[in-house]
Amino acid sequence: WADKGVDGFRCDMAEMVPVEFWNWVIPQVKKVRDVIFIAEVYNPDEYRNYIYTGHFDYLYDKVGLYDTVRAVMCGQAPASNISHCWQSLEGIQKNMLNFLENHDEQRVASDFFAGDARPGIPGMIVSAAMNTNPVMIYSGQELGERGMDAEGFSGRDGRTTIFDYWSVESLRNWNNNGLFDGAKLTPAERSLREMYAKLLNVVRSEPVIGEGAFYDLMYANSGNPYFNPNRQYAFLRKWKNEVLLVVVNFDHADQCVWVNIPVEAFKALDFEDNKPAELTDLLTGETTISTLTDAYPYQVKLPAYSGKMLKFSFLHK
């Protein structure tokens, strides 16, 4: 398959195959072709074994980040639980593959999950911008595909079948009989796709996300009366002279939050307190002059089911 041009393999239930096999076969393939290997491994105790001994490039972050973000999106867990995800992956975060949908999981907009594609926006921002590791989009996710068809083998289960001869409505409408102009999409589907396009292009093009350091702000806002750690999540990224403030809102209502930036963040990320910077809203392109300081919280207005990605570019380090 590699000789035919396939440049990556997602290995189903890789932990059911002895790690010694992967230890042998993956280097053999990589000697011949530059191929990425992604493992479906759901036992966190085996993560490092399949990375270091098995030579996998990436592992599905399913039982950690996916399960946690899903619970937050459905109002079943506080957003602050997301902090535990990266804490449990110390040293191997870069080897995890983040996602909100795949063929095994129910669609975000299905009746079995959130029932609406919009809660996936803050979840996707966190999954895509939290660290340097890759993120995956499942076909139709960017259109809010509901996965509520009653396919023959799969049935009506909120998933998109990969076993039946089937197609999904959202992709058919985007395809529009081969024109690929999205003319049949609803305004909501078109808006969602534009949001995903903006986010993915930002993640792909911004070094502060692809290479930057990470700093979780939740501990500094746990008792903040103007920030709800149950429904909002905030963190910083830092690369060279750029600092990125990411704040997301999992709530169904608009929120105005005040985010504490502790003095420890300035020390850990090595940037100056209260220094003027050019501020760019990466999702809208708007620019202004602003600053970050531990003297007072930073105000962020967040529409329902949304997030802000605010890049502060300082003149010097």
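We're numbering straight along the sequence, starting at 1.
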Evaluation steps, ring pair (Phe, Tyr, Trp, His ring centres under 6.0 Å), between Phe235 and Phe214
CA-CA 7 Å; Phe235 59 90; Phe214 169 83; 5.4 Å; yes
Could you tell me whether the side chain of Ile125 reaches within less than 4.5 Å of the side chain of Leu283, counting heavy atoms only?
yes
Compare all side-chain heavy atoms of Asp61 with those of Leu89 and state whether any distance is below 4.5 angstrom.
yes
Identify the two heavy atoms, one from Pro27 and one from Trp22, that lie closest to each other, and give their separation to 0.1 Å.
CD-O, 3.7 Å
For residues Phe271 and Phe312, determine if any side-chain heavy atom of one lies less than 4.5 Å from a side-chain heavy atom of the other.
no
Do Asp164 side-chain atoms and Phe153 backbone N/O form a donor-acceptor pair below 3.5 Å?
yes
Does any part of the side chain of Val63, heavy atoms only, come nearer than 4.5 Å to the side chain of Tyr47, both counted from C-beta?
yes
Kindly work out whether a path of hydrophobic side-chain contacts (I/L/V/M/F/W/Y, heavy atoms less than 4.5 Å apart) joins Val168 to Phe163.
no
Inspect the surroundings of NE2 in His252 and state if more than 12 heavy atoms from other residues, nucleotides or ligands are less than 6.0 Å away.
no
N/O donor-acceptor pair under 3.5 Å between Glu189 side chain and Thr186 backbone:
yes
Taking everything shown except Tyr219 itself, do over 12 heavy atoms lie less than 6.0 Å from its OH?
yes
Grouping I, L, V, M, F, W and Y whenever their side-chain heavy atoms are under 4.5 Å apart, do Val19 and Val25 come out in a common cluster?
yes
Hey, can you pull the donor-acceptor pairs under 3.5 Å for the side chains in residues 134-143, sequence neighbours left out?
from, atom 1, to, atom 2, distance (Å)
Gln141, OE1, Tyr138, N, 3.2
Gln141, NE2, Tyr196, OH, 3.1
Glu142, OE1, Gly140, N, 3.3

Among residues at least two apart in sequence or on other chains, which ones pass side-chain hydrogen bond (donor to acceptor under 3.5 Å, both in side chains) with Asn81?
none
Do Asp67 and Lys62 meet the salt-bridge criterion of a basic N to acidic O distance under 4.0 Å?
yes
In a table with atom names and distances, give each donor-acceptor pair under 3.5 Å that connects a side chain of residues 30-42 to protein atoms at least two apart or in another chain.
from, atom 1, to, atom 2, distance (Å)
Lys30, NZ, Val35, O, 2.7
Lys30, NZ, Asp57, OD1, 3.3
Lys30, NZ, Asp57, OD2, 3.0
Arg33, NE, Asp3, OD1, 3.4
Arg33, NH2, Asp3, OD1, 3.1
Glu40, OE1, Arg10, NH2, 3.4
Glu40, OE1, Met13, N, 2.7
Glu40, OE2, Arg10, NH2, 3.2
Glu40, OE2, Tyr42, OH, 2.9

With no hydrogens and no angle check, do the side chains of Ser205 and Asn201 hold a donor and an acceptor under 3.5 Å apart?
no
If you define the side chain from C-beta out and look only at heavy atoms, does anything of Asn241 sit under 4.5 Å from Leu315?
no
Side-chain donor-acceptor pairs of residues 299-309 under 3.5 Å, sequence neighbours excluded:
from, atom 1, to, atom 2, distance (Å)
Ser306, OG, Pro303, O, 2.6
Lys308, NZ, Asp281, OD2, 3.3

Is there side-chain contact between Asn228 and Gln255, with heavy atoms separated by less than 4.5 Å?
no
Please name the pair of heavy atoms, one in Pro18 and one in Tyr50, separated by the smallest distance, quoted to 0.1 Å.
C-OH, 4.3 Å
Flag the pair Glu264 / Tyr215 as yes when at least one side-chain heavy-atom distance between them is below 4.5 Å, and no otherwise.
yes
Tightest non-hydrogen contact, residues Tyr66 and Leu100, listed as CE1-O, 3.2 Å
Does Gln106 have any side-chain hydrogen bond (donor to acceptor under 3.5 Å, both in side chains) partners at least two apart in sequence or in another chain, and if so, which?
Arg70
Any side-chain to backbone donor/acceptor pair from Trp86 onto Asp216? Under 3.5 Å, distance only.
no
So for atom CD, which belongs to Glu169, do other residues, nucleotides or ligands contribute more than 12 heavy atoms lying within a distance under 6.0 Å?
no
Between Asp273 (side chain only) and Val263 (backbone N and O only), is there a donor and an acceptor less than 3.5 Å apart?
no
Leu245 side, atom CG; Leu217 side, atom CG - distance, nearest 0.5 Å:
6.5 Å
First locate atom CG of Leu244, then atom CG of Leu236, and finally report the distance between them rounded to the nearest 0.5 Å.
8.0 Å
May I ask whether Tyr226 and Val248 are part of the same hydrophobic cluster, defined by side-chain heavy atoms of I, L, V, M, F, W, Y residues being less than 4.5 angstrom apart, directly or through others?
no
For Ala150, check side-chain contact (heavy atoms from CB on, under 4.5 Å) against everything at least two apart and list the hits.
Arg156
Say whether, by atom type as modelled, one donor and one acceptor occur between the side chain of Asp157 and the main chain of Arg159 under 3.5 angstrom.
yes
Quick check against the 3.5 Å criterion: does Asn260 have a side-chain atom that pairs as donor or acceptor with the backbone of Asn221?
no
Mutual orientation of the aromatic rings belonging to Tyr60 and Phe99 [parallel < 30°, tilted 30-60°, perpendicular > 60°]:
tilted
Main-chain N/O of Glu101 paired with Glu105 side-chain donor or acceptor, under 3.5 Å
no
Listed by chain and number, what are the ring pair (Phe, Tyr, Trp, His ring centres under 6.0 Å) partners of Phe180, not counting sequence neighbours?
Trp174
Residues forming a ring pair (Phe, Tyr, Trp, His ring centres under 6.0 Å) with Phe227, sequence neighbours excluded
none
Taking all heavy atoms of Pro276 and all of Thr291, pick out the closest pair and write down the distance.
N-OG1, 4.1 Å
What pairs with Asn176 under side-chain contact (heavy atoms from CB on, under 4.5 Å), at least two apart in sequence or on another chain?
Leu179, Asp181, Ala183, Lys184
Distance-only donor-acceptor hits, side chain of residues 110-123, under 3.5 Å, sequence neighbours excluded:
from, atom 1, to, atom 2, distance (Å)
Ser110, OG, Arg107, O, 2.8
Ser110, OG, Phe112, N, 3.2
Ser110, OG, Phe113, N, 3.4
Asp111, OD1, Arg146, NH2, 2.3
Asp116, OD1, Arg118, N, 2.9
Asp116, OD1, Arg118, NE, 3.4
Asp116, OD2, Arg118, NE, 2.9
Asp116, OD2, Arg118, NH2, 2.8

Ignoring hydrogens and geometry, is there a side-chain-to-backbone donor-acceptor pair from Glu145 to Gly147 under 3.5 Å?
yes
Mind listing the closest non-hydrogen atom pair of Val69 and Phe250 along with its distance?
CG1-CE2, 4.4 Å
Between the main-chain N or O of Leu282 and the side-chain N or O of Thr280, is there a donor-acceptor pair closer than 3.5 Å?
no
Identify, with sequence neighbours excluded, every residue that meets side-chain hydrogen bond (donor to acceptor under 3.5 Å, both in side chains) alongside Arg237.
none
Taking the side chain as every heavy atom from C-beta outward, state whether Asn95 and Phe56 have any atom pair closer than 4.5 Å.
no
Should we count CZ of Arg204 as having more than 12 external heavy atoms under 6.0 Å?
no
Give a yes or no on whether Trp239 and Phe266 share a hydrophobic cluster (residues Ile, Leu, Val, Met, Phe, Trp, Tyr; joining criterion: side-chain heavy atoms under 4.5 Å apart).
yes
Do side-chain atoms of Asn249 reach the backbone of Ala253 as a donor and acceptor pair under 3.5 angstrom?
yes
Identify, with sequence neighbours excluded, every residue that meets side-chain contact (heavy atoms from CB on, under 4.5 Å) alongside Trp24.
Phe21, Gln28
Please report the shortest heavy-atom distance between Asn230 and Pro78, naming the atom on each side.
OD1-CB, 3.2 Å
